[in-house]
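This report concerns only the one structure given below.
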Amino acid sequence: MASVKKDYRLTKTQSFMCVGFAGIFSKTVTSPLEVVKIKSQVGTFHSKNGFWKSFLLIYQHEGLRGFWKGNLVSCLRLFPFTAVHLTTYKKIVHLHMDEVGFISQWRAILAGGLAGVVATLFTYPMEVAETRFIVQNCRQPTYIGVAHTLSKIYRNEGLHALYRGFPLTLLGAFPFSLGCYVVYVNLDKLWQEPPFRFTPLQNFINGCLAAGVAQTLSYPFETVKRKMQAQSARLPHFGGVDVHFGGMIDCFVQVVRNNGVLSLWNGLAANTIKACKDYFFQHLPQIRLDNLHEFLR
């Protein structure tokens with residue numbers, strides 16, 4: 001069972017700002033990994049020769065600036081995503097809590113998954129814009145600025161293009177939640193002690209392990225989603241996607257047929273490293289919350 005306790009050391013605004021700025025810092029630091037990951041998922045020429053060669057090719061063709069493409073829109077997306085996610089999560093959790101404030105671990109994880117889906121629905125067009133920014137060459141850009149990108153996609157491809165691949169978010173949420181659940185229900189067996197005795201280091205390892213397992217299980221859905229976001233008949237080389245397809249199912253078929261089933265996990269190494277760094281940077285303020293509270297008072 002999990003319990004939901006209110007923390008009065010920070011106000012709601014302070015907590016929200018801490019989460020937001022921790023997320024911005026995390027995304028900015030790990031942006032090169034995100035760029036390599038998405039290019040690997042889409043299948044651009046940068047990713048043809050492996051993980052380390054991708055960094056070199058991006059630097060050669062676009063310079064250092066190429067590693068932070070899409071970071072601005074990703075950071076801007078963070079605040080509405082966090083606000084919707086936290087609000088939805090709290091409402092779902094409170095609906096399933098018993099009279100003493102307890103909720104099962106499975107329901108808590110499911111609440112997090114559902115809240116993520118709702119938040120993604122509200123901010124999905126910005127995710128599409130991020131993918132387009134990352135795939136294009138920043139020295140010969142098709143899209144300039146967030147507003148320009150969203151309006152250009154809407155004018156040229158229609159509203160549906162801004163939500164292309166969204167059903168894969170729903171499908172990917174199930175293996176993701178399953179992966180988290182499998183890890184967390186076995187943590188006491190892994191450490192040979194109850195969860196309330198875990199140290200911050202143990203919790204960090206737990207988070208990385210859960211994120212690694214969950215994202216590995218849901219990664220094929222993420223890969224196909226990124227290909228669908230990137231592909232456009234109006235862009236050079238159809239947006240840089242390595243296969244051409246007519247829809248979600250066809251994309252899976254074409255990827256497996258042309259590149260093999262393991263290509264659905266292209267970019268997983270960069271994603272795993274990024275997930276661990278994200279978890280560290282986003283939870284560092286919580287680990288040092290006592291000191292942070294003293295600073296903000």
Side-chain angles (χ1 to χ4, degrees), residues 10 12-42 54-55 58-59 62-89 112 115-139 141-154 162-166 169 207 211 215 222 225-226 229-230 267 270-288 292 296:
L10 297 178
K12 290 182 179 180
T13 301
Q14 288 172 337
S15 296
F16 176 74
M17 295 301 290
C18 287
V19 172
F21 284 112
I24 288 175
F25 181 72
S26 171
K27 284 182 176 295
T28 302
V29 170
T30 61
S31 180
L33 290 167
E34 181 73 0
V35 170
V36 170
K37 182 199 81 170
I38 291 178
K39 283 183 176 292
S40 297
Q41 289 176 313
V42 172
S54 297
F55 285 95
I58 293 170
Y59 177 73
E62 302 180 68
L64 285 175
R65 187 174 58 164
F67 292 111
W68 278 269
K69 294 184 300 180
N71 186 59
L72 176 60
V73 66
S74 181
C75 291
L76 291 175
R77 175 176 173 262
L78 184 64
F79 283 99
F81 182 93
T82 302
V84 175
H85 187 277
L86 290 177
T87 301
T88 307
Y89 177 74
V117 169
V118 174
T120 301
L121 176 63
F122 277 87
T123 59
Y124 195 79
M126 298 183 76
E127 185 179 330
V128 174
E130 178 193 3
T131 300
R132 296 289 179 95
F133 274 127
I134 289 175
V135 174
Q136 73 175 1
N137 188 322
C138 66
R139 289 176 175 170
T142 301
Y143 304 107
I144 305 172
V146 180
H148 173 262
T149 302
L150 294 174
S151 63
K152 188 169 185 177
I153 294 173
Y154 175 75
L162 293 172
Y163 284 90
R164 189 178 292 142
F166 178 75
T169 301
Q215 292 190 22
E222 170 79 7
K225 181 181 74 172
R226 291 295 185 179
Q229 290 174 343
N271 184 71
T272 302
I273 298 171
K274 177 181 178 295
C276 291
K277 287 187 175 181
D278 281 343
Y279 188 88
F280 174 76
F281 288 122
Q282 290 178 17
H283 287 77
L284 184 61
Q286 296 178 17
I287 297 172
R288 302 302 301 275
L292 186 64
L296 292 170

For atom CZ of Phe122, is the number of surrounding heavy atoms from other residues, nucleotides or ligands below 6.0 Å larger than 12?
-> no

Identify the two heavy atoms, one from Pro125 and one from Leu150, that lie closest to each other, and give their separation to 0.1 Å.
-> O-CD2, 3.4 Å

Within 6.0 Å of CZ in Phe55, more than 12 heavy atoms from elsewhere = yes

Rounded to the nearest 0.5 Å, what separation is found between the NZ atom of Lys69 and the SG atom of Cys138?
-> 5.5 Å

Smallest heavy-atom separation, Ala270 atom then Val36 atom, equals CB-CG1, 4.4 Å

State plainly whether the residues Lys27 and Glu130 are in salt-bridge range, i.e. N to O under 4.0 Å.
-> no

Separation between OG1 of Thr120 and CZ of Phe166, rounded to the nearest 0.5 Å | 6.5 Å

With respect to Thr131, which candidate in Arg164, Gln41, Lys225, Arg226 satisfies the side-chain hydrogen bond (donor to acceptor under 3.5 Å, both in side chains) definition?
-> Arg226

Aromatic plane relationship, His85 with Phe81 - under 30° parallel, 30 to 60° tilted, over 60° perpendicular = parallel

Any side-chain heavy-atom pair of Thr169 and Tyr124 under 4.5 Å | yes

Val84 and Ala119 have their tightest heavy-atom pair at CG1-CA, 3.7 Å

From the list Gln136, His148, Lys152, Arg132, side-chain hydrogen bond (donor to acceptor under 3.5 Å, both in side chains) with Tyr143 holds only for Arg132

Looking only at heavy atoms, which two atoms of Phe67 and Ser31 are closest? And how far apart?
-> O-OG, 2.8 Å

For a side-chain contact (heavy atoms from CB on, under 4.5 Å) with Arg77, tell me which candidate from Thr123, Thr82, Leu72, Val146 qualifies.
-> Thr123

Could you state the interatomic distance from CG (Asn137) to CD1 (Ile58), rounded to the nearest 0.5 Å?
-> 10.5 Å

Test item: Glu127 and Gln229 side chains (from C-beta on) under 4.5 Å apart, heavy atoms | yes

Taking side chain as C-beta onward, heavy atoms only, is Ile134 less than 4.5 Å from Lys39?
-> yes

Glu222 CD to Lys37 NZ distance, which is reported to the nearest 0.5 Å = 4.5 Å

Sub-4.5 Å side-chain heavy-atom contact between Asn71 and Phe133 | no

Can you see which heavy atom on Thr88 is nearest to which on Ala115, and at what distance?
-> CG2-CA, 3.9 Å

Grab the two heavy atoms, one from Val73 and one from Ala129, that are nearest each other, plus how far apart they are.
-> CG2-CB, 4.4 Å

